[in-house]
*Asks:* 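Okay, here's the structure, questions in a sec.
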Amino acid sequence: MSTPYPFTAVVGQTDLRLALLLNAVSPAVGGVLVRGEKGTAKSTAVRALSALLPQVDVVPGCRFSCAPAAPDPACPDGPHEPGPGAARPARMVELPVGASEDRLVGALDIERALAEGVKAFEPGLLADAHRGILYVDEVNLLHDHLIDLLLDAAAMGASYVEREGVSVRHAARFLLVGTMNPEEGELRPQLLDRFGLTVEVAASREPAQRVEVVRRRLAYEDDPAGFATRWADDEHEVRARVVAARALLPQVRLGDTALLRIAATCAGFEVDGMRADIVMARTATALAAWAGRTEVLKEDVRQAALLALPHRRRRNPFDAPGLDEDKLDEILDRFEDEEPEPEPEPEPEGPDDSGPDDDGGGPDGGGGVPPQGNGPQTSDAPPEPESESESTESAPADAPEAPQPSSQGAGGPEQAAVRAAEPFRTKMLSVPGLGEGAAGRRSRARTAHGRTTGAQRPRGQLTKLHLAATVHAAAPHQKARGRDGRGLVIRKDDLRQATREGREGNLVLFVVDASGSMAARQRMSAVKGAVLSLLLDAYQRRDKVGLITFRGATAELALPPTSSVDAAAARLEKLPTGGRTPLAAGLLKAHEVLRIERLRDPSRRPLLVVVTDGRATSAGAVGGDPRELSGRSARLLQAAGVASVVVDCETGPVRLGLAGVLATDLGGPAVTLDGLRADSLAGLVKNVRTAVTSSASDSTRRAA
């Protein structure tokens, strides 16, 4: 086994280390979600935490880690007789993103069931993680069916398995720790709320600290055992401090003033439900115990709010994380302490983090409440420009390069980017047919998880056994095969694969008209609001998204297909408008992007969403009639079998109906901006399917 990197050797990341240590002191806090860019020691710190946890006493031979003093009466390995326990280190169990449902919760031991006729249960990772840590790296990429199981176990403290003739319940209380890179997509809100604390991490911009990170990492890689030995004393001190804080925790007093501060803070920041209040109370208590105090002070409540509330304030993935600290201080200052605060007590000695490579701070920043300076700067909302002219003059550095304002024929000069209108709930758009893509929540698909619809002979390796169908196939041959015991005589030809149907995630590619005909400020604001609404829907349905814009003479891939819908929203917000309308260029760009994505991920089916008024005034570099060229480009996409929908942005008393013509060429429906809302989109899914089916029939007739 390789030597883990010492927890106390992690440079900086004050909030991350404190959040992990608070959960070590009080597992009831509810775990930690660590969000941040790649290469910021997220996984390193989490994996190092297990070495600081106290040992646990377990019943010898129990696969479910029952405590000898209070064994689980419903333990599948029970009942347990009174007796001494066996001490072992707390476990760190990792849940792979691609794990199966059986691996997580356990399942019937198929081998024993078929060979011996015995109904036995094989425990999963939830049983292994009981009274330890369950760590999920890249938790935002975890499949929905595994998230549902984690939610159930985290809520009830137990795992219930009802499947394949097995009915088992066992305790599953664990510290849930997840790490994620927001660039790869956001986390499902229900699971996000299950994490007690959240921490935003970023690499230091201080050269001296970055040098120290490199120096320590190289020293560790050259001699892991020797490096760990040099930090052994610091590790021992932190471990002892965790044990002392756990012992002090029951004595910590959470006074009425502290409770009022917690309640007022949660109400002031409008967090949903009561879980935030409970988590803040537990976190503030753990902070006091970690600092060696028996009284919760105002700074404990403040620090608890900074750790427990940011992820609970986000209403959608486009909201900026973080808290307005000035507002937080204003709320906390409304309440006077119950009595004058005592003189500061001496802190219990902890590690000074001044080993061979001193970085000048302990794992908690030198005290019970660490400074906030090392973390990423957060605020209640992204800063708005002071005026419209300021917004125009100071374009973002990463915005698409825009030409200087100039007259571009009928399109007129380029207009500054405008803000999107308020997003709304849209009805589901789906791809017709039955796919086989990645698990998601949009279109029907054959998936590894979902409702069982039948059984078939396995094509290749058997991945999901259909037990009843297998037994049914083998039963008629038992006498001929000479069966003489309880077990069945099974041959390879008897095995049956379960076929299941669920939902898949799709690639939703947006092609947005940013030409001069769309440049009216109110109109473009409404268009952006509609696309933002569809992006929010894509986030909820676990899709990949891409964004193409066209204006002037060319089309641009503003965002390559990604799982990060907030990145798409950011690009959309900065989108300028103006110039002619190269509709054909946008459609041809979409065809090229989809062709490349089909090679990269052939199982993920695309859904093309074209947002335009249907006008075509520029043929770009190709030349020729713009309308004829756009029609040919649309029919090219239809021939490729791409499911499409056109969002018609044309307004005013006189309408040309060009978006409807484009929709016909694409073989999909057209819907107005007003019709995109959920309450007026009842027939759109049906229309998408009907249009694609009828266009396919027309193509067949033309071919015949």
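Please read these numbers as outputs of a predicted model, since none were measured by experiment. Here, residue 1 is the first one in the sequence, and each next residue gets the next number.
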*Asks:* The criterion is salt bridge (charged side-chain N to carboxylate O under 4.0 Å, His left out); which residues satisfy it with Arg169, sequence neighbours excluded?
*Replies:* Asp72

*Asks:* Could you tell me whether a side-chain N or O of Arg600 sits under 3.5 Å from a main-chain N or O of Ile596, the two making a donor and an acceptor?
*Replies:*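 No.
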
*Asks:* So, does Ser443 use its side chain to make a donor-acceptor pair with the main chain of Val431 at under 3.5 Å?
*Replies:*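 The answer is yes, because a donor-acceptor pair under 3.5 Å joins these two groups.
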
*Asks:* Between the side chains of Arg88 and Ser65, does any donor sit under 3.5 Å from an acceptor?
*Replies:* yes

*Asks:* Does some side-chain heavy atom of Thr40 sit less than 4.5 Å from a side-chain heavy atom of Leu16?
*Replies:* no

*Asks:* Can you name the nearest heavy-atom pair linking Arg103 to Pro123, along with the distance?
*Replies:*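 Heavy atoms of Arg103 and Pro123 come nearest at NH1-O, 4.4 Å.
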
*Asks:* So, the side chain of Lys42 versus the backbone of Glu37: is there a donor-acceptor pair under 3.5 Å, distance only?
*Replies:*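 Here the side-chain-to-backbone pair exists.
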
*Asks:* Please state whether the rings of His170 and Phe121 are parallel, tilted or perpendicular, taking 30° and 60° as the class boundaries.
*Replies:*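 Rings of His170 and Phe121: tilted, as their planes differ by 30° to 60°.
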
*Asks:* Can a donor-acceptor pair be found between the side chains of Asp137 and Thr179 at a distance below 3.5 Å?
*Replies:* yes

*Asks:* Would you indicate whether Glu81, at its atom CD, is surrounded by more than 12 heavy atoms from other residues, nucleotides or ligands within a distance under 6.0 Å?
*Replies:* no

*Asks:* Name every donor-acceptor pair, under 3.5 Å, that has one atom in a side chain of residues 154-161 and the other anywhere in the protein, sequence neighbours excluded.
*Replies:*
none

*Asks:* Under 3.5 Å, is there a donor-acceptor pair between the side chain of Asp15 and the main chain of Val199?
*Replies:*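 Side chain of Asp15 to backbone of Val199, a donor-acceptor pair under 3.5 Å: no, none is there.
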
*Asks:* Treating Arg282 as the side-chain partner and Ala28 as the backbone partner, does any N or O pair qualify as donor plus acceptor under 3.5 Å?
*Replies:* yes

*Asks:* Is any side-chain heavy atom of Tyr5 closer than 4.5 Å to one of Arg47?
*Replies:*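 Arg47 does not reach Tyr5 side chain to side chain.
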
*Asks:* Going by distance alone, is a donor N or O of one side chain under 3.5 Å from an acceptor N or O of the other, for Ser603 and Glu436?
*Replies:* no

*Asks:* Quick one, Leu197 with Val279, criterion side-chain contact (heavy atoms from CB on, under 4.5 Å). Give me CA distance, side-chain angles, the key distance, then yes/no.
*Replies:* CA-CA 8 Å; Leu197 310 179; Val279 171; 4.1 Å; yes

*Asks:* Inspect the contact between Asp537 and Arg442 and indicate whether a charged nitrogen and a carboxylate oxygen are less than 4.0 angstrom apart.
*Replies:* yes

*Asks:* Less than 4.5 Å apart, side chain to side chain, heavy atoms only: is that true for Asn23 and Val177?
*Replies:* no

*Asks:* Taking all atoms of both residues into account, what is the closest heavy-atom pair of Thr283 and Val29, and its distance?
*Replies:* OG1-CG1, 3.7 Å

*Asks:* Between Arg312 (side chain only) and Gly196 (backbone N and O only), is there a donor and an acceptor less than 3.5 Å apart?
*Replies:* yes

*Asks:* What's the separation between atom CZ in Arg571 and atom OG1 in Thr562, rounded to the nearest 0.5 Å?
*Replies:* 9.5 Å

*Asks:* Mind listing the closest non-hydrogen atom pair of Arg239 and Leu52 along with its distance?
*Replies:* CG-O, 3.6 Å

*Asks:* For residues His472 and Arg496, determine if any side-chain heavy atom of one lies less than 4.5 Å from a side-chain heavy atom of the other.
*Replies:*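 Heavy-atom side-chain distance check fails, nothing below 4.5 Å.
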
*Asks:* Work out which heavy atom in Leu125 is nearest to a heavy atom in Pro96; give both atom names and the distance.
*Replies:* CD1-CD, 4.2 Å

*Asks:* Indicate yes or no for a side-chain donor-acceptor contact from Asp494 to the backbone of Arg491 under 3.5 Å, with no hydrogens or angles considered.
*Replies:* yes

*Asks:* If I take atom CG from residue Leu429 and atom CG from residue Leu534, how far apart are they, to the nearest 0.5 angstrom?
*Replies:*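 Here the rounded value is 6.5 Å.
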
*Asks:* Might you work through the side-chain contact (heavy atoms from CB on, under 4.5 Å) test for Trp290 and Val242, ending with a clear yes or no?
*Replies:* CA-CA 7 Å; Trp290 176 247; Val242 169; 3.9 Å; yes

*Asks:* Looking at CG of Leu95 and CG of Leu142, how far apart are the two atoms once the value is rounded to the nearest 0.5 Å?
*Replies:*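 Rounded to the nearest 0.5 Å, the CG-CG separation comes to 5.5 Å.
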
*Asks:* Would you find a donor on one side and an acceptor on the other, under 3.5 Å apart, between the side chain of His130 and the backbone of Arg173?
*Replies:* yes

*Asks:* Hey, are the side chains of Asn140 and Arg35 touching, using non-hydrogen atoms and a 4.5 Å cut-off?
*Replies:* no

*Asks:* Main chain of Pro54, side chain of Arg246: is a donor-acceptor contact present, judged purely on distance under 3.5 Å?
*Replies:*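 No, the answer is negative, given that no donor and acceptor are paired below the 3.5 Å cut-off.
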
*Asks:* Are any of the side-chain heavy atoms of Glu597 and Pro606 separated by less than 4.5 Å?
*Replies:* no

*Asks:* Just so I know, are the side chains of Leu22 and Leu287 near enough to count as touching, which here means a heavy-atom distance under 4.5 Å?
*Replies:* yes

*Asks:* Could you please spell out the steps behind the side-chain contact (heavy atoms from CB on, under 4.5 Å) verdict for Val93 and Phe174?
*Replies:* CA-CA 10 Å; Val93 177; Phe174 47 82; over 6 Å; no

*Asks:* Any donor and acceptor pair, going by atom type alone, linking the side chain of Arg457 with main-chain N or O of Asp493 inside 3.5 Å?
*Replies:*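 Checked: pair present.
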
*Asks:* For a 4.5 angstrom cut-off between non-hydrogen side-chain atoms, does Asp128 reach Leu134?
*Replies:*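 The answer is no, as the side chains (C-beta and beyond) never meet within the 4.5 Å cut-off.
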
*Asks:* Using the side chain to side chain contact (heavy atoms under 4.5 Å, CB included) rule, pick out the option among Asp57, Val58, Val59 that qualifies with Cys66.
*Replies:* Val59

*Asks:* Work out which heavy atom in Cys62 is nearest to a heavy atom in His80; give both atom names and the distance.
*Replies:*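 Looks like SG-NE2, 3.5 Å.
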
*Asks:* Within this structure, what is the CG-CG distance for the pair Leu49 and Leu21, rounded to the nearest 0.5 Å?
*Replies:*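 The CG atom of Leu49 sits 7.0 Å away from the CG atom of Leu21.
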
*Asks:* Of all heavy-atom pairs between Ala569 and Leu532, which one has the smallest distance, and what is that distance?
*Replies:*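 Smallest heavy-atom distance, with atoms named: CB-CD1, 3.6 Å.
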
*Asks:* In Å, rounded to the nearest 0.5 Å, how long is the span from NZ of Lys544 to CG of Leu507?
*Replies:* 6.5 Å

*Asks:* Will you find, in the side chains of Asn506 and Glu504, an N or O donor that is under 3.5 Å from an N or O acceptor?
*Replies:* yes

*Asks:* If I take atom CG from residue Leu18 and atom CD from residue Gln13, how far apart are they, to the nearest 0.5 angstrom?
*Replies:* 12.5 Å

*Asks:* Test side-chain contact (heavy atoms from CB on, under 4.5 Å) on Val471 and Ile490 and set out the steps.
*Replies:* CA-CA 8 Å; Val471 172; Ile490 301 293; 5.8 Å; no

